[in-house]
Undergrad: 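Could you have a look at this structure, given as structure tokens, before my questions?
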Amino acid sequence: MSEDTLKQEKKAKLDWWKSQGIEPYGRKFLREPISGLTAERKGTVSIAGRIMTIRRHGKAAFCDVMDQSGKIQVYFKKDIIGDVLFERFKNLDVGDIVGLKGELFITHTGQLTLLVKDFVILSKILGTLPEKWHGLRDVEVRYRKRYLDLIVNPESREIFFLRIKILNMIRDFLNSAGYLEVETPMMHPIPGGAEARPFITHHNALDMDLYLRIAPELYLKRLLVGGMEKVYEINRSFRNEGISTLHNPEFTMLELYCAYGDYQEMMELTENLISHIVNEIFKSHEIDFGDTKIDFSLPWKKIYWEDCWKKFGIENWKDKQQIKKVFSDLHLDTEGKEDIFELLDLLFKRTIEPELIDPTFIIKFPIETSPLAKCWPGESSMVERFELYIGGLEIANAYSELNDPLEQKKRFLEEMERPSERPKVVDEDYIEALEYGMPPAGGLGIGIDRLVMILTGCLSIRDVILFPLLRPKQ
RNA sequence: GGGCCGUUAGCUCAACUGGCAGAGCAGGGCACUCUUAAUGCCAAGGCUGGAGGUUCGAUUCCUCCACGGCCUACCA
């Protein structure tokens, strides 16, 4: 059966409805959520939803009707609804959206069912839903036509409902801790707050290039200068880099700042926030992830970044020869990297990161890789910073914020001298803001998509983003 | 960007070393007033992702293209 033939058959049914003087695309319909219905409920109830299956039996039929809240079996009986409505029922298809009125009863097999007394069609399907039993498996179609995925794949619905729940829990948690949710620009004259290639756009009236934000950090910290003490933004940021199971060009991040705090406070907040979410959702501190389990019991493991290298026999991580020897001992390719920090980063990614399954904080980083972080007390070459790893993924990054404008400017200038493919401009406006005085503060960023991946057991970021970026078909 | 793999009916999948492309579901017809992957009978549905090539003959082998997946690189 070709797609065109199928569509023609549906179109013929649409015309049938119209020939009866009935508009098949209806209007407002008062109804209640299906999930709230129980056998004890007496009298007429009104529901609406999509017909998912039809089991016809001559002069009667059972259907399953689904709304956002759930699914219920409904029973159409010619005796009950009469000839006219039964004829209309015959012109319903799987996939049609209907409004139904009737009474609840329990079938002989013990199933809660709505005995239909009256119904209206609210939307006629012209396409064909994917198969009821296997659902929609083709990942490409699932991403391109997410609406179909949501209709027929319950697992997919659960993932996105859980994502929404997680975001609500984050907001509730932060709001009750006194944090203010703010919105800062997504179009930046200077890309900053992270190391990434930006997307460029153009404002016609001002005739100026603008960059889609790669991070909201520098604007949120301007708010600290302005006297807002606890702020957060659940932000979409944009990075013009490759796409992978861990990367979508636009992604969701939580960034928050707490005046008069530091990275330690951010560490406690991260532990409390994420373990709270895990406990609320799973009623347990342990969850399945891939072939393993992740244990969220507090307190989480803490490892100094400098101590990561000891197991490789590196006494002094500033000694490039020692690092390179480790690479050759482990038969790892240095991939042409010469910079000490790039080499260490690569070594970390290859050997340490994949093993950080239970939540683990890596603490105290070299200043060269952290231009916005405050120095470690008494150690001007290191900073107060942590990264959080869960399930082998980098989930969060936090530090004590650098609030010294002169030091900040010096760091920016030093950063510009390091080799990079990315545009580097000193954000003088940000420096000026710091000159008016920013309180000491702790700052935290959490990758929301990745956190949702961990909590839903998804191995690809595309499975937790409703509409991941794909190349247009043909 | 590089490597490997995939693309067959609306959906889910078959088709041995190259030999007439099959099924289930959905859709159509008939029967059926407690089914739930309803059931029984009947009929229909395809330029095998696209373009070339090899061959008597290509879903199958080769080349190119498109899209996707996984790995890899940049990044979070």
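Proteins get letters first, then strands, A, B, ... in listed order; numbering begins at 1 in each. All of these numbers come straight from a predicted model, not from anything done at the bench.
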Undergrad: Looking at A/F89, is A/R56 sitting on its ring face, NZ or CZ under 6.0 Å from the six-membered ring centre and within 45 degrees of the normal?
TA: yes

Undergrad: Once you round to the nearest 0.5 Å, how far does OG1 of A/T360 lie from NZ of A/K301?
TA: 4.0 Å

Undergrad: Which whole number of Å gives the distance between the C1' atom of B/A23 and that of B/U48?
TA: 16 Å

Undergrad: Which part of the nucleic acid does A/R239 contact within heavy-atom distance under 4.0 Å: base, sugar-phosphate only, or nothing?
TA: base

Undergrad: Can you tell me how far P in B/G68 sits from the matching atom in B/C30, rounded to whole Å?
TA: 44 Å

Undergrad: Rounded to whole Å, please give me the gap between CZ in A/F62 and P in B/A37.
TA: 13 Å

Undergrad: Is A/H57 stacked against the base of B/C32, taking the criterion as centroid distance under 5.5 angstrom and interplanar angle under 30°?
TA: no

Undergrad: Whether the side chain of A/T113 and the base of B/U35 hold a donor-acceptor pair under 3.5 Å is what I'd like checked.
TA: no

Undergrad: Where the side chain of A/T128 is defined as all heavy atoms beyond and including C-beta, which of B/A26, B/U72, B/C25 is the nearest nucleotide?
TA: B/A26

Undergrad: Is a donor from one side chain sitting under 3.5 angstrom from an acceptor on the other, for A/T53 and A/R55?
TA: yes

Undergrad: On a whole-Å scale, what distance lies between the P atoms belonging to B/C41 and B/G46?
TA: 24 Å

Undergrad: According to the Watson-Crick and G-U wobble definitions, with both distances under 3.5 Å, which nucleotide is paired to B/G6?
TA: B/C67

Undergrad: Distance check: side-chain N/O of A/R55 vs OP1/OP2 of B/U35, anything under 4.0 Å?
TA: no

Undergrad: Roughly how many Å apart are B/A37 and B/A44, using the C1' atom of each and rounding to a whole number?
TA: 23 Å

Undergrad: Taking only the P atom of each, what is the distance from B/G57 to B/G53 in whole angstrom?
TA: 12 Å

Undergrad: Using whole Å, report how far NE2 of A/H134 lies from C1' of B/A9.
TA: 16 Å

Undergrad: For B/C56, which nucleotide is its Watson-Crick or G-U wobble mate, given both distances must be under 3.5 Å?
TA: B/G19

Undergrad: Check whether any side-chain N or O of A/T245 sits under 4.0 Å from OP1 or OP2 of B/C71, and answer yes or no.
TA: yes

Undergrad: Counting the benzene-type ring for Trp, do A/F119 and A/F76 have ring centres under 6.0 Å apart?
TA: yes

Undergrad: Compare the minimum distances between each of B/U33, B/A76, B/G28 and the side chain of A/K13, then state the nucleotide with the smallest one.
TA: B/G28

Undergrad: Suppose you measure atom C1' in B/U59 against the same atom in B/G1; what distance do you get, rounded to whole Å?
TA: 32 Å

Undergrad: Using a cut-off of strictly less than 4.0 Å, decide whether A/R144 has a side-chain nitrogen or oxygen near OP1 or OP2 of B/G68.
TA: yes

Undergrad: How about A/F348 and A/Y389: are their ring centroids closer than 6.0 Å?
TA: yes

Undergrad: What is the base-pairing partner of B/A14, counting Watson-Crick and G-U wobble geometry with both distances under 3.5 Å?
TA: none

Undergrad: Just N and O in the side chain of A/R471: are any of them under 4.0 Å from OP1 or OP2 of B/G68?
TA: yes

Undergrad: A/Y257 and A/E255: side-chain donor and acceptor closer than 3.5 Å?
TA: yes

Undergrad: Would you kindly check whether a donor in the side chain of A/Q73 faces an acceptor in the base of B/U35, or vice versa, at under 3.5 angstrom?
TA: yes

Undergrad: Return the orientation label for the A/F62 and A/H57 ring planes: parallel under 30°, perpendicular over 60°, tilted otherwise.
TA: perpendicular

Undergrad: What is the separation between atom CD on A/E250 and atom C1' on B/C75, rounded to the nearest whole Å?
TA: 15 Å

Undergrad: Are the ring of A/W133 and the six-membered base ring of B/G24 within the stacking cut-offs of under 5.5 Å and under 30°?
TA: no

Undergrad: Taking only the side-chain heavy atoms of A/S460 (C-beta and beyond), determine which of B/U35, B/U12, B/C70 contains the nearest atom.
TA: B/C70

Undergrad: Just how far, in rounded Å, is P of B/C75 from CZ of A/R450?
TA: 12 Å

Undergrad: Can you check the A/F86 CZ to B/U33 C1' distance for me, whole Å?
TA: 8 Å

Undergrad: Sticking with atom P, work out how far B/C25 lies from B/U72, rounded to a whole angstrom.
TA: 42 Å

Undergrad: How is A/I214 classified with respect to the nucleic acid when contacts are heavy atoms under 4.0 Å: base, sugar-phosphate, or nothing?
TA: nothing

Undergrad: For B/C41, give the paired nucleotide (Watson-Crick: N1-N3 plus N6-O4 or O6-N4; G-U: N1-O2 and O6-N3; both under 3.5 Å), or none.
TA: B/G29

Undergrad: Any salt bridge between A/K59 and A/D79, counting N to O under 4.0 Å?
TA: no

Undergrad: Could you tell me the Watson-Crick or G-U partner of B/C47, where both distances fall under 3.5 Å? Say none if there is no partner.
TA: none

Undergrad: Taking atom P of B/G10 as reference, at what distance in whole Å does atom CZ of A/R142 sit?
TA: 21 Å

Undergrad: Quick one: label A/L393 by what it contacts on the DNA or RNA (base, sugar-phosphate, nothing), any heavy atom closer than 4.0 Å.
TA: nothing

Undergrad: Establish, with yes or no, whether the OP1 or OP2 oxygen of B/U12 is under 4.0 angstrom from a side-chain nitrogen or oxygen of A/K132.
TA: no

Undergrad: Counting side-chain heavy atoms from C-beta on, which of B/U12, B/U33, B/A76 comes nearest to A/K78?
TA: B/U33

Undergrad: Look at the side-chain N and O atoms of A/R462 and state whether any lies under 4.0 Å from the OP1 or OP2 oxygen of B/C70.
TA: yes

Undergrad: Would you measure the distance from the C1' atom in B/G22 across to the matching atom in B/A76 and give it in whole Å?
TA: 47 Å

